[in-house]
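Everything below concerns the one structure shown next.
Letters go in sequence order (proteins before strands), and every chain restarts at 1.
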Amino acid sequence: MIIKKEKTILHIDGDAFFVGVEMAKNPKLKGKPVVTGEERGIVSALSYEAKAIGIKRGMPIFRVKRDFPKVIILPGDYKAYVKYSGKMFDIVRRYADDVEEYSIDECFADLTGLERLLKMNYKQIAERIKKEINDELNISVSIGLAPTKVLAKVASKYVKPNGLTIITKDTILDYLVKTPIEKIWGIGPKTSEFLKKKGIITAKDFVTKKIDWIKENLSQPYEVLWSELNGEYLMKIDPITKTVYSSIQKTRSFHPNTNDKVFLLSQLSKHVEEACAKARYYKLVPKKVSFFLKTKDFVYHEYQISLTSPTNAAEIIIPLIEANFIKVYKKNILYRTTGVTLQELVSDSVTQGDLFGSNNLAKKFEIIHEQIDSLENKFGKHMVYLASTHKAIKRKEKGTDSEDFDRDLLFI
DNA sequence: TCTGGGGTCCTAGGACCC
DNA sequence: TCTGGGGTCCTAGGACCC
């Protein structure tokens, strides 16, 4: 008989991560109400002090300025967040071999077996990791320890900020009874609404249901969730650092909402250029491209195009979108968002060697793009762009007075 | 919570085939 | 011509995540 050894999974979650990094960069901000997201026009992260006075994630920046004049508003510094994120994960890797970088401010790690190796118990290991992150990076994190990933997520959320919560197989229900079902990782608004109608209010209500009930009423991923919440380790730690994307998306919302065809097309054109630049950076080419318009009532109208030959040349993709634009566009509807997605990305080496058809054209563009991409690296984004994108850039500049300088524009 | 931008994965159902 | 049952592949779109 095989006795399965209980796993010990660690989950780390940065506390108000973006703002935490800003405070580490500039300690004078500590203890103050601070938000980031100035460049986006909505609050993307907020300090606990800002939360305490009633600011919420997603709140428009103009409202923060108007109603909370004392709040410090900062633009996001994504490069810094990536840097701190990497350092945080490196600290975890001092202890664990298998670290999964789940998002910019979260990771999972498998600590199983480290007790004996490090001559510390799991709690002491977690405390050490936490202290090193605190001391070396000057940011605070919350940690959860549990037998599964889903339970580790419950644990890290349980005490925040600066928490350390340990769930063992024996104490699972003690924690789940105090966790509302909608707080569980993987249970969103639709499913929690459904479950509540069935009388399932807390995570304990969920796990104490029979598995047959789950199978009858929900789909496969929820069976996995149920097992994980019951302490059965199913979701593996995936330590592979993701540099490959399966899709690349660029979207933008605008207000006022509009039905200006030319404007919408120029937005889409810009998205294609940005998405293609990213694809080229990662040496990926899409087999499919889709674009969408989202109406002011949040209804998506999407159209998907299969490329006869995969390409990341915007010059090829843009005309395809223009040709199919009328399939989603209605002239009497106001739109709030446009977006482009490059789908089914494959390595660009796969398509090399095919010198026929539109791929041949793509080759020519490849040479131009190498030069454009290196120009942009030197001088910043939007030094160079397609004429079809021009309108989108111009309109954006009108809104921001700070960016009012002449650029050397190069139209292709 | 009147809602930003960038992702992943699963499933139902249609097309097509034997 | 009508009919049954089964498989695979693809697609759209739903749901969820940070």
Side-chain angles (χ1 to χ4, degrees), chain A residues 11-18 35-46 51 54-64 67 75-76 78 81-82 85 100-108 149-150 153 156-157 181-195 215 217-225 235 238 240 242-255 257 267 270-271 274-275 277-279 282 284 286-292 294-306 327-328 334-345:
Chain A
H11 179 250
I12 298 192
D13 195 351
D15 297 326
F17 186 69
F18 291 1
V35 306
T36 70
E38 185 175 36
E39 79 291 352
R40 289 210 271 160
I42 58 151
V43 173
S44 30
L46 61 162
K51 197 180 277 178
I55 295 174
K56 298 236 157 65
R57 225 174 136 252
M59 188 181 274
I61 293 291
F62 77 85
R63 267 188 65 197
V64 178
D67 301 340
Y78 211 75
Y81 309 150
V82 170
S85 168
E100 175 180 336
E101 301 181 6
Y102 179 69
S103 75
I104 192 159
D105 72 327
E106 285 180 43
C107 70
F108 293 98
K149 282 168 84 170
V150 177
K153 283 272 269 186
S156 66
K157 248 194 225 182
I181 190 64
E182 70 271 16
K183 298 283 180 195
I184 297 297
W185 182 38
I187 299 203
K190 299 279 180 189
T191 308
S192 61
E193 193 192 349
F194 169 78
L195 291 174
K215 285 182 181 172
N217 289 277
L218 298 165
S219 61
Q220 188 263 334
Y222 298 94
E223 291 175 41
V224 175
L225 250 183
M235 296 170 72
D238 179 11
I240 298 156
K242 279 205 176 164
T243 48
V244 255
Y245 292 91
S246 52
S247 72
I248 290 173
Q249 186 173 60
K250 290 288 165 187
T251 68
R252 186 69 62 191
S253 297
F254 27 83
H255 87 131
N257 299 164
Q267 287 286 323
K270 189 178 72 160
H271 298 326
E274 290 175 356
K278 186 167 175 182
Y282 289 102
L284 295 168
K287 291 195 201 168
K288 287 177 187 166
V289 175
S290 72
F291 67 96
F292 71 81
K294 185 159 67 172
T295 72
K296 76 176 210 317
D297 301 318
F298 290 86
V299 180
Y300 281 87
H301 297 288
E302 193 182 19
Y303 190 80
Q304 196 183 62
I305 301 161
S306 293
K327 288 180 181 153
V328 297
L334 286 175
Y335 296 99
R336 61 156 34 240
T337 311
T338 56
V340 167
T341 310
L342 308 182
Q343 296 166 326
E344 291 181 37
L345 294 164

Would you indicate, yes or no, if [N] has its OP1 or OP2 atom less than 4.0 angstrom from a side-chain nitrogen or oxygen of [X]?
X        : N      : result
A:Lys288 : C:dT11 : yes
A:Gln304 : C:dT11 : no
A:Thr191 : C:dC16 : yes
A:Ser44  : B:dG5  : no
A:Arg252 : B:dG5  : yes

Next item on the list: Go through the steps for A:Lys149 and A:Trp185 under the test side chain to side chain contact (heavy atoms under 4.5 Å, CB included), then give the verdict.
Entry: CA-CA 10 Å; A:Lys149 282 168 84 170; A:Trp185 182 38; 4.1 Å; yes
Looking at every strand, decide which applies to [X] at a 4.0 Å heavy-atom threshold: base, sugar-phosphate, or nothing.
X        : answer
A:Thr341 : nothing
A:Leu218 : nothing
A:Ile248 : sugar-phosphate
A:Gly58  : nothing

Notebook entry, point to check: C:dC16 and B:dT1: how far apart are their P atoms, nearest whole angstrom?
Noted result: 16 Å
Check: On DNA chain B, nearest-nucleotide positions of A:Arg336 versus A:Ser219: which is more 5'?
Finding: A:Arg336
Check: Hey, which of these two, A:Lys56 or A:Thr337, hits DNA chain B nearer its 5' end, going by closest nucleotide?
Finding: A:Lys56
Checking contacts here: which listed nucleotide ([options]) is nearest the side-chain heavy atoms of [X]?
X        : options               : value
A:Ser247 : B:dG7, C:dT11, B:dT11 : B:dG7
A:Tyr222 : B:dG7, C:dC17, C:dC16 : C:dC16
A:Asp105 : B:dT11, C:dC18, B:dG6 : C:dC18
A:Phe298 : C:dC18, B:dT3, C:dT11 : B:dT3
A:Pro221 : B:dC10, C:dC16, B:dG5 : B:dC10
A:Lys153 : B:dG6, C:dC17, C:dC16 : C:dC17

Rounded off to whole Å, could you give me the [atom1]-to-[atom2] distance for the [X] and [N] pair?
X        : N      : atom1 : atom2 : result
A:Gln249 : B:dC9  : CD    : P     : 15 Å
A:Trp185 : C:dC18 : CH2   : C1'   : 11 Å
A:Lys250 : B:dG5  : NZ    : P     : 11 Å
A:Glu344 : C:dA12 : CD    : P     : 10 Å
A:Ile61  : B:dG5  : CD1   : C1'   : 15 Å
A:Asp238 : B:dC9  : CG    : P     : 10 Å
A:Glu106 : C:dC18 : CD    : C1'   : 7 Å
A:Lys294 : B:dT3  : NZ    : C1'   : 8 Å

Notebook entry, point to check: Between atom CG of A:Leu225 and atom CD of A:Gln220, what is the distance when rounded to the nearest 0.5 Å?
Noted result: 10.0 Å
Notebook entry, point to check: Distance from A:Lys288 atom NZ to A:Ser247 atom OG, nearest 0.5 Å?
Noted result: 12.5 Å
Next item on the list: Identify the heavy atoms of A:Met235 and A:Val150 that sit nearest to each other, and give their distance.
Entry: SD-CG2, 3.6 Å
Next item on the list: Taking A:Lys278 for its side chain and A:Lys250 for its backbone only, find out whether a donor-acceptor pair lies under 3.5 Å.
Entry: no
Note to self: Using the rule side-chain contact (heavy atoms from CB on, under 4.5 Å), only one of A:Leu195, A:Asn217, A:Thr191 pairs with A:Tyr222; which is it?
What the structure shows: A:Thr191
Check: A:Tyr335 and side-chain contact (heavy atoms from CB on, under 4.5 Å): which partner among A:Thr295, A:Val328, A:Asn257?
Finding: A:Thr295
Item checked: Involving DNA chain B, stems made of at least three consecutive Watson-Crick or G-U pairs, both distances under 3.5 Å -> B:5-18 with C:5-18
Check: According to the interplanar angle, ranging from 0 to 90°, do the rings of A:Tyr282 and A:Tyr245 count as parallel (below 30°), tilted (30 to 60°) or perpendicular (above 60°)?
Finding: perpendicular
Notebook entry, point to check: Parallel under 30°, tilted from 30 to 60°, perpendicular over 60°: which one fits the rings of A:Phe18 and A:Tyr78?
Noted result: perpendicular
